[in-house]
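Shown next, in structure tokens, is the structure this report addresses.
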Amino acid sequence: MLTAIVGINWGDEGKGRMVDLLGSRQDIVVRYQGGNNAGHTVINHLGKFILNLLPSGILRPEIVNVMGGGMVVDIEHLCGEITRLREGGVQISPDNLKVSDRAIICLPYHVGQDILEEERLGDAKYGSTRRGIAPVYGDKYLKKGIRMGDLLEPEALKKQLAGIVAWKNLTIQGAYGAKAYDVEQLFGWLLQFGGPLREYICNTDLFLERAAAQDKRILFEAQLGALRDIEFGIYPYTSSSPTIAAYAPIGAGVPGRRLDNTIGVMKAYSTCVGEGPFTAELFGPAADALREAGGEYGAATGRPRRVGGFDVVASRYGVRVQGADELALTKLDVLSYLDKIPVCVAYEIDGERTGEFPSGRRLNQAKPVYEYLDGWHRDISGCRSIDALPAAAQRYIDYLQKAVDCPIRTISVGADREAYFTR
Ligand code: GDP
Ligand code: MG
């Protein structure tokens, strides 16, 4: 049984928590794209954990977690994350963590190049998380990447590294006039942080293929959302990898297999980290109140998130791009403080109203058409069934389900593990 959990919006929909929830029914959880540029927050009996690289199944000892070949891995960050979790009482060993030998290593010069480029761009910056993600994916496709498996062959790695660093310094020194990177130092970094990870590195493709053949329950966990997908998202304000469900079997390492179920995680309102078109954006006191109510600050960066009402146009597009079979609606409880709930029901572009998600100039010029639904003005975080919800909250859910044309099966009303119900 292959299931994917993916984001319908701009990311931060609460995917980590849904994976943690559904995780109890899985044998294996796999991350298939991205690096430590985004973060999942998971709260359980051991405490609150922020996961940037590790799959969310790591918090359940019986689950095997795989970091797939589609990922980019900052090994220093991974070592730190493993240490932090261990200190929090989480067990991590080669039995419950496997890292693909095909995953690409994000090196210090990728982070350096990311920062140099954002600074060169000045006001026109992309709003990068400055974790080196765009440069490392760029290098992957230029075939100048170093893979996790290379850490297992230090002699060959040193030669490979020297060639790549000589090439990289042409850009760092030549294009940006910055200080060249030193091969010895980088090699030392690879040994220092690669050493402790060696025991986890293996051919995860074989492992997953066997597990799939044995009908194990495998969950694919995405980072970010549909609107950050490199193909279908708000390019160039996207991430540098595919975030959509269709890529899950490829980035994970079971190509040719079809997903049995795609669960889209959709937030009851909109948030967006960083730059780029965000049509439903609210400003001023209305935005501040929503940001405070939802605790909308980046898990990876601490940056305040931009916020807005639920965006019907973008969410319907997100559902379609993800091929979602069902939805989990998160953070409904956050809206409890509102008298009237703002919903962006359409866009207005060049004086015309549209329900189709645009791209390019049309997206940049789109204005939100807002309507207001009744609020419920009551704490709903204790509700554990649809009938327990106030009538206005039920109407809000029905409205969203109809608007995006996909069944909402799970409803989350709080950050705690038990604060949800299904229907
Ligand atoms: P992810 O990147 O999609 O995994 O989401 P993040 O972890 O970045 O952001 C989701 C945040 O919302 C986390 O702090 C969660 O603990 C929290 N959260 C998730 N679901 C709910 C919910 O239903 N209600 C509330 N109030 N918080 C939630
Ligand atoms: Mg997040």
Side-chain angles (χ1 to χ4, degrees), residues 4-23 29 31 33-59 81 129 131 133 219-229 239 243 245 263-274 289-307 310 315 318 322 327-338 379-384 389 393 396-397 400 408-422:
I5 294 198
V6 293
I8 294 300
N9 313 116
W10 294 264
D12 304 317
E13 298 91 348
K15 295 174 296 295
R17 165 170 151 59
M18 294 315 301
V19 175
D20 182 56
L21 266 178
L22 287 158
V29 176
R31 271 276 308 266
Q33 46 80 228
N36 58 321
N37 48 329
H40 289 319
T41 315
V42 183
I43 299 171
N44 69 10
H45 68 285
L46 291 169
K48 176 172 170 171
F49 297 97
I50 292 178
L51 304 171
N52 298 130
L53 283 164
L54 292 166
S56 306
I58 202 75
L59 299 172
E81 205 168 308
T129 50
R131 301 277 169 104
I133 307 300
L219 187 66
F220 301 100
E221 172 186 21
Q223 175 214 41
L224 300 168
L227 295 154
R228 300 289 190 190
D229 180 78
S239 198
T243 62
I263 302 171
V265 183
M266 185 171 88
K267 207 161 174 164
Y269 54 95
S270 303
T271 61
C272 171
V273 174
L290 185 52
R291 185 179 305 110
E292 281 312 309
E296 296 297 349
Y297 298 89
T301 57
R303 287 191 282 184
R305 292 172 181 155
R306 298 157 74 193
V307 298
F310 184 85
S315 302
Q322 291 291 14
L327 298 172
L329 183 68
T330 57
K331 305 196 88 163
L332 187 63
D333 55 299
V334 171
L335 301 179
S336 295
Y337 77 96
L338 286 162
D379 179 14
I380 58 167
S381 57
C383 297
R384 292 295 176 271
L389 286 177
Y396 187 67
I397 295 167
L400 299 191
I408 295 175
R409 293 248 158 79
T410 307
I411 292 143
S412 171
V413 290
D416 293 342
R417 217 177 215 180
E418 317 74 48
Y420 78 101
F421 56 87
T422 53

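Both ligands and their constituent atoms are indexed starting at 1 by order of listing.
- By the 3.5 Å distance cut-off applied to N or O atoms, Ile43 is not counted among the residues near ligand 1.
- Counting heavy atoms closer than 4.0 Å to ligand 1, residue Val413 contributes backbone atoms (N, CA, C, O) but none from C-beta onward.
- Residue Arg305 has at least one heavy-atom neighbour below 4.0 Å for each of these atoms of ligand 1: 8 (O), 9 (O).
- Looking only at side-chain heavy atoms (C-beta outward), Tyr297 and Arg291 come within less than 4.5 Å of each other.
- Atoms of ligand 1 lying under 4.0 Å from at least one heavy atom of Gly414, given by number and element, are 21 (C), 22 (C), 23 (O), 24 (N), 25 (C).
- Between the side chains of Tyr337 and Glu292, no donor-acceptor pair is found at a separation under 3.5 Å.
- Side-chain N or O atoms of Gln322 include one that pairs as donor or acceptor with a backbone N or O of Gly7 at under 3.5 Å.
- Residue, atom and distance of the protein heavy atom nearest to atom 26 (N) of ligand 1 are Asp333 OD2, 2.7 Å.
- Among Asn52, Thr41, Thr410, the residue whose heavy atom lies nearest to atom 15 (C) of ligand 1 is Thr41.
- Shown are the protein N/O/S atoms under 2.8 Å from the Mg ion (ligand 2), given by residue and atom: Asp12 OD1, Gly39 O.
- Of all the atoms in ligand 1, the ones that sit under 4.0 Å from a non-hydrogen atom of Gly39 are 1 (P), 2 (O), 6 (P), 7 (O), 8 (O).
- Looking at Ala415, Ser56, Ala419, it is Ala415 that brings a heavy atom closest to atom 16 (O) of ligand 1.
- Looking from atom 1 (P) of ligand 1 to the surrounding protein, the closest heavy atom is His40 ND1, 3.3 Å.
- For the pair Arg131 (side chain) and Asn36 (backbone), a donor-acceptor distance under 3.5 Å is present.
- Between Thr422 and Arg409, the closest side-chain pair of non-hydrogen atoms is not below 4.5 Å.
- When side chains are defined from C-beta on, Glu296 does not count as touching Leu290, because their heavy atoms never get closer than 4.5 Å.
- With hydrogens and angles ignored, the 3.5 Å screen pairs a side-chain donor or acceptor of Lys331 with a backbone N or O of Gly294.
- Between the side chains of Gln223 and Asn37, at least one donor N or O sits under 3.5 Å from an acceptor N or O.
- Atom 5 (O) of ligand 1 has as its closest protein heavy atom Gly14 N, 3.2 Å.
- Using modelled atom types, no side-chain atom of Glu221 and backbone atom of Val19 make a donor-acceptor pair closer than 3.5 Å.
- The Asp12 neighbourhood of ligand 1 comprises atoms 1 (P), 2 (O), 3 (O), 5 (O), 8 (O), 9 (O), with distances under 4.0 Å to a heavy atom of that residue.
- Looking at Thr410 and Leu22, their side chains never come closer than 4.5 Å, going by heavy atoms from C-beta outward.
- The CD1 atom of Ile380 lies 4.0 Å from the CG atom of Leu332; values are rounded to the nearest 0.5 Å.
- Polar contact check, Thr330 against ligand 1: no nitrogen or oxygen pair lies under 3.5 Å apart.
- Nearest heavy atoms, Ile8 versus Ala226: O-CB, 3.7 Å.
- The protein atom (non-hydrogen) at minimum distance from atom 12 (O) of ligand 1 is Lys331 NZ, 3.0 Å.
- Using a 4.0 Å cut-off to heavy atoms of Arg17, the atoms of ligand 1 that qualify are 19 (C), 20 (N), 21 (C).
- Under 3.5 Å, the side chains of Thr330 and Arg17 contain no donor-acceptor pair of N or O atoms.
- In this structure, Asp229 contributes its side chain and Thr243 its backbone to a donor-acceptor pair below 3.5 Å.
- Taking every heavy atom of Gly16 and a limit of under 4.0 angstrom, the matching atoms of ligand 1 come to 4 (O).
- Set against the non-hydrogen atoms of Ser412, the atoms of ligand 1 under 4.0 Å away are 20 (N), 21 (C), 22 (C), 23 (O).
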